[in-house]
Each structure stands twice: as structure tokens, then as C-alpha cells.
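Please read the structure below before turning to the comments.
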Amino acid sequence: MSSSLDAVRPETAPAATPWFRPAIHFTAADTWLNDPNGLVFHNGLYHLFFQNNPYGNVWGNMSWGHATSPDLLHWTEHPVAIACDSTEDIFSGSVVVDHGNTSGFGSAAAPALVAVYTSAFKDTSAHSGTQAQSLAYSTDGGMTWRKYSGNPVLTRHSAHFRDPKVFLYEGDACTYWVMAAVEAQQQKVVFYRSEDLKSWDFLSDFGPANADEGEWECPDLFPLEVDGDPDNVKWVLIVNVNPGAVAGGSGGQYFVGAFDGVSFVADADSLVAPSGLASLRDPSAQAAALQQSLWLDWGRDCYASVSFSNAPDGRRIIIGWMNNWDYANHLPTSPWRSSMTLARELRLSNDSGVPRLVQQPVLPAFQDRGLPWTEGSLELADSSVKLPDAASGRAQVIEAEILLGTAERLGFTLLESSDHSLALGTVLRYDTATARLTLDRTQSGDTGFHAKFASVESVQVAPVDGVLKLLVVVDHASVEVFAQDGTAVLTDLVFPHPGQTSNRLVVEGGTATVLKLTVSALA
Ligand code: FRU
């Protein structure tokens, strides 16, 4: 966040770019957004608050924007929920439904929604120079908000204490609120406890560990059953890091471990560098440990992911900011800038005996909507086949199962133009010798707006019984890849030229058998 503002270009009334507007990813109508904030499900609606500049489309004037959705795919933007003022910017945080009316802001019959946000105090404030945690509450289902008169409720007199994620901890002996926040420049998650959301006591801290080059931001902590087993519950700690993520710039790492209501202890197999990468000193050991750290997403554009509170049926659903602080303020879109990732449901699954996150995008059921490309299996040898055009120009979901044969490489060219005269397209390629899945956006369209944008990302993906499974969501300006049922995820923004709308399956250097291939269109 801090370094990203140094080189913001002055706005020169850029022309509108409606063709980049996503069909199924949230954008603000005509302003800037960054982190998802206060994700909460309440009275049948998913609320997405977000870091927003209500006055422009670069970072600044940080306030909480607001949108709601019944299905996590179609969003309605509402007026700014919590606005910055002359004394404070409203940085990231979370919202809880105060069912027990512990705060006294609502009633047991009509619980208040309570936002716990970071006050980034300005020079005019008595708290100038510090970041501290504050409350706002809503008694009308999240539509209007009032700041608590006793703010801030928690300070460490620190300039980098922010991003509180609060949840109700239900222990064997008692129930209380727990806050996970960060001391960003110390690479620490700090945990606090409260009975009423207003008065907080320090519990413990965690970090540095694994990726620790950049600031730690936007943590989240929650329990998940391993493979759906209620007797095997693990805790997942998400820690976003900027810069120093695996694909460069900002990204989200996670740890799997135990939380006893006081401390988080990471499992040994989560800790590739227990005191942080910096402690390893040898650059090649650091590079190896960076690859072995646990990443929510191996692409360039998934940051500040946090989960919904109060989600129905105990589901754990996250949304990330689909951008990277390396170039965030320069994306070639107008009048809005930035979007969110799709909502993704998390599960913990045993991978060779160790629990790891798997993610599935939240999408409508497709049974009757997919356009099957082939019935039965089809062997391809050194060939490329254009996917159905029916879905072209809309958000598309491609689902493929491919039995690897002798082919050296296979995958898709996405968002290509009919004659390649504009740009090749975005290349998703699986290399069978190295078992590496690569997303290459160097020839995806407009890549010249920032020197760090053109890039190639990759992740190790083992075939299962010789089969590679891919679920690829292609919207107008993004590609999200969920490989092997979501065990590895790659998310990249792309800015294709108008006319780059179709997709192609490519098999090179031998044979492969397509077992399944469907394309669905979403609007
Ligand atoms: C993460 C972040 C947070 C901060 C917010 C400010 O992207 O830097 O740490 O609260 O953005 O907009």
C-alpha cells in the first residue's frame, strides 16, 4: 500500500473502456476499489464492502464502498457506507453480526452489524501518525452506518497496526470475539480478545514465517474440517504479503495449524521457513522456500483475500482483490479501476497426508447450460481446435478433462483474435515433462501500460490417473484457472484488444485425449 502510491500518473480524462468491464466480477461504477472489506452474509444478502476512493479512480480518500448480491455473481452497488473525513481514512476491516448484542448497538431481536475497521489517522487528529482499530455499526441491515463515539477502541500507538478480522470464538469453556490484525512492518499477525467488541485484550502474535519480504496485511483465521470430517478440524491463517508474493508483488499465503483461543501454532509441514525467508540468507534457499510456501493463488492478481462471516451452512467463502500493487493504479480501464475475484469456496483436503486448501469458484449450476464440444472422448494429435463461438464475447467457463498422452504441451489460447493480427492471446499451457501449468499474458493484448505487467506465472500440477482437469473462467479482462479440482489456482488480469474474444484448445508435440470439454456462457 505504501510504496504503491509513489508513481501514480495524473489522470488525463481517459476515454471510457466499456469492453473491459467484467460481466461477472464486481467493479465500482466509476471509481477506484481495492481490498474487499466487511464480507458478511445477513438476511439473505451477501454484503461486499470495499476499499474505495469515492472521488476518483486511483487510490486515495479511503472509505468503505458497498455492494450486495443474492448469489455472489450479480452485485448492486450502494452509496458509500463509511466515509473518510478530515481526521481519518477508513482502511480495511471486517463486519460481524452481533447476534448476542454484546456491543449494545442493537438488540437480541434485531442484532446490529458491527464493522471493525482501521482508522488511518490524519495530521488533524489527536491520534495523528497512528493506525488503530475503530467501530461503526448498522441497525438497518448494513445500509447505513454510524461511527462509535468511543473510537478508537484499540491502539498500539503504532503507525502500521491494521486490517482487523473479527470472529466469534466458541471454545469449550467460553465464547468471545477474537481479532486477527497485523503489525504490517514487523510481519506479525496480532491476536486480541473481547467480550463486547469495545474493549480488547492482547492474546498472542504469530510471525514472521514463510514469505516475509513485504508488509503483512489483511489476515484471516478460521476453522475448517479436513475432508469434511467434523472430528478433524484444522485452523487456517491467511496472511497477505506485499511485496514478496510467489508471482511477484502482492499475493496471499496461508498456514494450516491449531488455534486454542489464545495462540495460533502452524503445523510443521506448513512452515518451510519457520522464522521467515529472510532468516535463510542464501538466495537460492529463499527462492526454493518461496515456491514451497502455501499460496492461495499462483497468479499475479489475487490479493487481500478474506472470508465472509456468517455465511450460510458453515461455508467458508473468500473474495480477493483482482489486482497487484505493482501496477494497480495504472490499469487501462475507465471510468472504474479494479475489480474483485470471483467468490471462491474453500475446503481443506488431504494431499499426501497433509491438509491443503482447495478452492472452487461459486458459479451457477451448469447442467443445462454447458455447450458440449464433443460426446465421448477424442484423441488429438498435434492440433488446435477453436472452441464454440456461442459463448464468445461473454464471460465463459471452460471445463476440461484431458488424458495426457505423448504430447509435450497442451492447453488453451484464450481471448485470441480470429486472425492473430492483434495479439496472440493469453496462453494457458501444461508442460507434460515438468508437470508445470503456465499462464502467459505477454501477448495478451495491452500490456504496455506498466513495465511490470507483462508476465508469465506457473504452478506445479500433478496429473491424477494421467488426467489434467481444468476449470477456466474467462471474463472480459481476466482469466482464473482452477486446476485439479481447485488444488492450484492462477489468476491474471488481461486487457485484450476489442475483437479478441475466442478460445482455442491446443495440443503440441504428440497426442492427448479429450475426455470432457464444455463451454458455458455467463452474463
Ligand atoms: C492492502 C491495504 C491494507 C490497508 C488498505 C488501504 O491492500 O494496504 O493493508 O488497510 O490496503 O487501502
Side-chain angles (χ1 to χ4, degrees), residues 1-6 8 28 31-39 48-66 80-84 88-95 115-122 130-134 136 152 154-156 158-166 179-190 207 211-220 238-245 248-253 296-297 300-306 318-329 331 337-341:
M1 177 270 304
S2 49
S3 59
S4 54
L5 291 178
D6 298 343
V8 176
T31 56
W32 161 270
L33 66 76
N34 57 290
D35 314 355
N37 295 152
L39 301 179
L48 163 64
F49 300 91
F50 52 89
Q51 287 287 281
N52 181 225
N53 178 357
Y55 309 110
N57 65 6
V58 291
W59 189 89
N61 307 305
M62 295 324 294
S63 302
W64 278 26
H66 184 202
V80 167
I82 310 175
C84 62
E88 63 173 6
D89 274 331
I90 315 298
F91 274 17
S92 290
S94 50
V95 165
V116 189
Y117 68 87
T118 297
S119 294
F121 287 112
K122 300 181 179 173
T130 67
Q131 296 181 343
Q133 314 321 322
S134 292
L154 176 59
T155 183
R156 293 164 61 98
S158 158
H160 308 284
F161 171 39
R162 61 178 182 267
D163 305 343
K165 181 69 165 57
V166 172
M179 175 196 296
V182 290
E183 269 298 346
Q185 296 198 344
Q186 295 172 19
Q187 289 75 29
K188 279 189 191 303
V189 178
V190 291
D212 63 346
E213 180 196 329
E215 297 194 0
W216 277 20
E217 300 184 317
C218 300
D220 197 356
I238 290 179
V239 179
N240 288 278
V241 54
N242 174 46
S250 43
Q253 62 176 331
L296 282 170
D297 198 300
R300 286 280 272 155
D301 297 303
C302 182
Y303 192 56
S305 302
V306 284
I318 59 170
I319 291 182
W321 175 45
M322 194 152 60
N323 207 339
N324 191 313
W325 279 121
D326 271 358
Y327 41 70
N329 279 294
L331 300 187
R337 190 173 272 119
S338 271
S339 60
M340 296 299 175
T341 68

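Every number for a ligand or one of its atoms is a count from 1 in the order of the listing. Everything numeric in this text was worked out from a predicted model, so none of it was measured.
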Side chain, backbone, both or neither: [X] near ligand 1, heavy atoms under 4.0 Å:
{"X": "N34", "answer": "side chain"}
{"X": "W321", "answer": "neither"}
{"X": "A304", "answer": "neither"}

Testing I90, N61, N52 for side chain to side chain contact (heavy atoms under 4.5 Å, CB included) with V80, which one passes?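 The option that passes is N52.
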Tell me whether D89 contacts the main-chain N or O of G60 through its side chain, where contact means a donor paired with an acceptor under 3.5 Å. no
Are the side chain of T118 and the backbone N or O of Q131 linked by a donor-acceptor pair below 3.5 Å? no
The atoms of ligand 1 lying under 4.0 Å from a heavy atom of Y303, numbered in the order shown, are 1 (C), 7 (O)
Find all atoms of ligand 1 within a distance of less than 4.0 Å from any non-hydrogen atom belonging to S92, and give their numbers and elements. 5 (C), 10 (O)
List in chain and number order the residues that pass salt bridge (Lys or Arg N to Asp or Glu O under 4.0 Å) with D212, two or more places apart in sequence or in another chain; answer none if no residue qualifies.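 Residues passing salt bridge (Lys or Arg N to Asp or Glu O under 4.0 Å) with D212: none at all.
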Closest to atom 6 (C) of ligand 1 among M62, Q51, E215 (heavy-atom distance): Q51
How many angstroms lie between atom CG of N37 and atom CH2 of W64, to the nearest 0.5 angstrom?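 If we round to the nearest 0.5 Å, N37:CG and W64:CH2 are 5.0 Å apart.
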Determine, step by step, whether E183 and S158 satisfy the side chain to side chain donor-acceptor pair (under 3.5 Å) criterion, reporting the C-alpha distance in whole Å, the side-chain angles of both residues, the deciding distance to 0.1 Å, and the verdict. CA-CA 8 Å; E183 269 298 346; S158 158; 2.9 Å; yes
I'd like to check whether R162 has a polar contact with ligand 1, where a contact means an N/O of the residue lying under 3.5 Å from an N/O of the ligand. yes
Test item, D163 contacting ligand 1 (heavy atom, 4.0 angstrom):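 Heavy atoms of D163 do come under 4.0 Å of ligand 1.
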